[in-house]
Number of protein chains: 2
Amino acid sequence: MDIKTLCLGILSLGDATGYEIKKMVAEGSFSFFSEASFGSIYPALTKLTDEGFITCRSETQSNRPDKKIYSLTKLGVKELEGTLEKSPKPDKNRSEFLAALLFAEAISPNRIQNLVDERIEYHANQIKVLEDLLSEKPTGASKFVIEYGLEMQRAAAKFLQENSKSLTD
Amino acid sequence: MDIKTLCLGILSLGDATGYEIKKMVAEGSFSFFSEASFGSIYPALTKLTDEGFITCRSETQSNRPDKKIYSLTKLGVKELEGTLEKSPKPDKNRSEFLAALLFAEAISPNRIQNLVDERIEYHANQIKVLEDLLSEKPTGASKFVIEYGLEMQRAAAKFLQENSKSLTD
DNA sequence: AATTACATGTAATCCGTTACATGATTGA
DNA sequence: TCAATCATGTAACGGATTACATGTAATT
């Protein structure tokens with residue numbers, strides 16, 4: 001999913017500024033399947049405005065740049081609908097941990113137990129973050145996505161705990 | 001993980017040509033956490049050779065370009081060891097499916113059931129692919145990684161089946 | 001007859017990050 | 001006092017994909 005679609009989608013949930021979009025992508029339920037920096041979000045919003053998919057109104061502020069609040073237009077809704085009709089692309093899961101396991105086997109076998117231990121802690125952290133998000137009582141798809149993430153983290157942690165000994169002996 | 005490290009790691013499992021590395025990354029147990037195209041693999045191998053981390057011997061073939069078989073050097077082993085000492089970076093999981101769910105809720109709610117159905121089929125396919133890999137009787141970390149992937153796919157499919165109704169009502 | 005597998009490599013292009021530029025306010 | 005939050009935006013740079021270039025042999 002490109003950043004323009006991501007912005008369109010986030011704006012479908014409500015008006016927002018570029019700064020707010022960045023925050024949602026960095027911290028909210030989006031953070032588990034997407035990333036984006038200011039350097040890509042701001043230009044995307046400008047382009048989407050030029051294309052007529054969103055509009056922008058400015059809110060004057062003292063001591064800092066004007067807030068630019070973006071809203072979806074009817075054309076933008078159509079565009080997003082069109083995108084949603086297409087089948088989502090397969091997931092991209094990139095795990096340095098799994099790669100490290102494969103390579104450590106030959107190169108430094110004594111590192112493996114260590115990698116697994118670190119990983120279990122990693123999952124514990126991820127679970128904590130997701131539980132915090134859940135405690136804010138999200139509803140609908142948002143809740144579903146967070147619970148999905150939680151389930152995946154728990155399944156991964158469980159698998160590690162039950163099977164890691166097969167790696168070290 | 002950058003492509004140079006990926007090549008180094010794959011070569012730690014045994015000598016290989018660029019073409020073979022590409023195949024492993026596209027089809028083997030690597031395909032579930034990494035990607036790379038010829039356009040990045042060939043230049044990476046050239047660079048690694050220049051840096052002394054791998055060596056290259058050519059095998060003449062009739063009717064097609066010489067096979068260039070790469071091997072890790074001692075320096076390359078050290079380099080890989082150094083990389084493995086560092087903690088792996090957090091996973092990157094990008095799922096257009098999850099994003100589509102969040103956005104479809106507002107824009108085309110009647111698409112949701114459809115998305116979920118497609119997704120269940122997607123998992124079924126992934127499971128088939130992984131089971132095929134398992135049927136080749138891998139061992140060690142390779143087996144572990146494939147079983148890990150299987151477990152994740154099954155957990156995802158199960159979650160969907162048990163919770164998707166909360167999305168549509 | 002057409003596609004896939006084999007086998008390597010370069011160039012154009014895209015997409016995105018990082019760093020830079022600017023600057024006030026609030027909390028630790 | 002130092003970091004973080006708020007707020008936008010551009011330019012340099014990097015990393016990787018796609019398409020191009022070349023050509024045989026086996027399979028469908």
Side-chain angles (χ1 to χ4, degrees), chain A residues 1-8 10-11 15-28 30-31 33-51 54-70 83 89-90 92-94 96 99, chain B residues 1-8 10-11 15-28 30-31 33-51 54-70 83 89-90 92-94 96 99:
Chain A
M1 167 153 324
D2 58 33
I3 290 193
K4 275 164 66 179
T5 306
L6 186 68
C7 291
L8 235 38
I10 290 178
L11 290 176
D15 294 357
T17 68
Y19 190 85
E20 286 165 347
I21 290 175
K22 157 78 174 161
K23 237 178 47 181
M24 295 172 88
V25 163
E27 296 161 25
F30 299 98
S31 58
F33 54 86
S34 199
E35 274 171 59
S37 57
F38 288 129
S40 51
I41 290 171
Y42 285 127
L45 291 171
T46 306
K47 223 174 212 181
L48 287 168
T49 307
D50 292 344
E51 293 167 330
I54 60 179
T55 52
C56 169
R57 78 198 122 93
S58 286
E59 212 166 74
T60 311
Q61 299 190 117
S62 52
N63 304 326
R64 64 186 58 162
D66 290 359
K67 230 186 223 182
K68 291 174 125 187
I69 302 160
Y70 293 93
T83 304
K89 291 203 204 104
K92 282 188 188 173
N93 301 308
R94 299 217 172 190
E96 284 203 4
Chain B
M1 166 155 323
D2 58 35
I3 288 192
K4 275 163 67 178
T5 306
L6 185 68
C7 289
L8 236 38
I10 290 178
L11 290 174
D15 295 357
T17 66
Y19 190 84
E20 286 165 347
I21 290 175
K22 157 76 176 164
K23 237 178 46 179
M24 296 172 89
V25 163
E27 296 160 27
F30 299 97
S31 57
F33 54 85
S34 199
E35 273 171 60
S37 57
F38 287 128
S40 52
I41 289 171
Y42 285 126
L45 290 170
T46 306
K47 224 174 210 178
L48 287 168
T49 307
D50 292 345
E51 292 167 331
I54 61 179
T55 53
C56 170
R57 79 197 121 93
S58 286
E59 212 166 75
T60 311
Q61 299 190 119
S62 52
N63 304 327
R64 64 187 60 162
D66 289 1
K67 229 187 224 183
K68 292 176 125 186
I69 302 160
Y70 293 93
T83 304
K89 292 204 204 103
K92 282 187 188 174
N93 300 308
R94 299 218 171 191
E96 284 203 3

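What you see below is based on every heavy atom in this structure, not just the backbone, and it leaves out hydrogens, waters and symmetry mates.
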Measuring from the side chain of [X] (C-beta onward, heavy atoms only), which nucleotide among [options] has the closest atom?
X: B/Lys23; options: D/dA7, C/dC6, C/dG16; answer: C/dC6
X: A/Pro65; options: D/dT24, D/dT8, D/dT18; answer: D/dT8
X: B/Ile3; options: D/dT8, D/dA16, C/dT17; answer: D/dA16

Derivation of the side-chain contact (heavy atoms from CB on, under 4.5 Å) call for A/Leu6 and A/Ile21 | CA-CA 9 Å; A/Leu6 186 68; A/Ile21 290 175; 5.8 Å; no
Between the protein and nucleotides 9-11 of chain D, which nitrogen or oxygen pairs come in under 3.5 angstrom?
residue	atom	partner	partner atom	Å
D/dG9	OP1	A/Lys68	NZ	2.2

Check whether any side-chain heavy atom of [X] sits under 4.5 Å from a side-chain heavy atom of [Y], and report yes or no.
X: B/Arg94; Y: A/Met1; answer: no
X: B/Val25; Y: B/Ile10; answer: yes
X: B/Leu45; Y: B/Thr17; answer: no

Establish, with yes or no, whether the OP1 or OP2 oxygen of C/dC15 is under 4.0 angstrom from a side-chain nitrogen or oxygen of A/Ser40.
-> no
Can you check whether A/Asn63 has a side-chain N or O nearer than 4.0 Å to OP1 or OP2 of C/dG23?
-> no
Rounded to whole Å, how long is the line connecting atom [atom1] of [X] with atom [atom2] of [N]?
X: B/Lys67; N: C/dC6; atom1: NZ; atom2: P; answer: 9 Å
X: A/Gln61; N: D/dT5; atom1: CD; atom2: C1'; answer: 12 Å
X: A/Met1; N: C/dG16; atom1: CE; atom2: C1'; answer: 16 Å
X: A/Glu35; N: C/dG16; atom1: CD; atom2: P; answer: 11 Å
X: A/Ile21; N: D/dT5; atom1: CD1; atom2: C1'; answer: 18 Å
X: B/Tyr19; N: C/dC6; atom1: OH; atom2: P; answer: 4 Å
X: A/Lys47; N: C/dC14; atom1: NZ; atom2: C1'; answer: 10 Å
X: B/Asp2; N: D/dG14; atom1: CG; atom2: P; answer: 14 Å

Using a heavy-atom cut-off of under 4.0 Å over every strand shown, decide if A/Lys4 touches base, sugar-phosphate, or nothing.
-> nothing
Per nearest nucleotide of DNA chain C, the residue lying toward the 5' end, A/Ile41 or B/Glu20, is B/Glu20
The reported gap from CD1 in B/Ile69 to CG in B/Leu11 (rounded to nearest 0.5 angstrom) is 11.5 Å
Distance from A/Glu20 atom CD to A/Ile41 atom CD1, nearest 0.5 Å?
-> 11.5 Å
If you draw a 6.0 Å radius around NZ in B/Lys92, do more than 12 non-hydrogen atoms from other residues or ligands fall strictly inside?
-> no
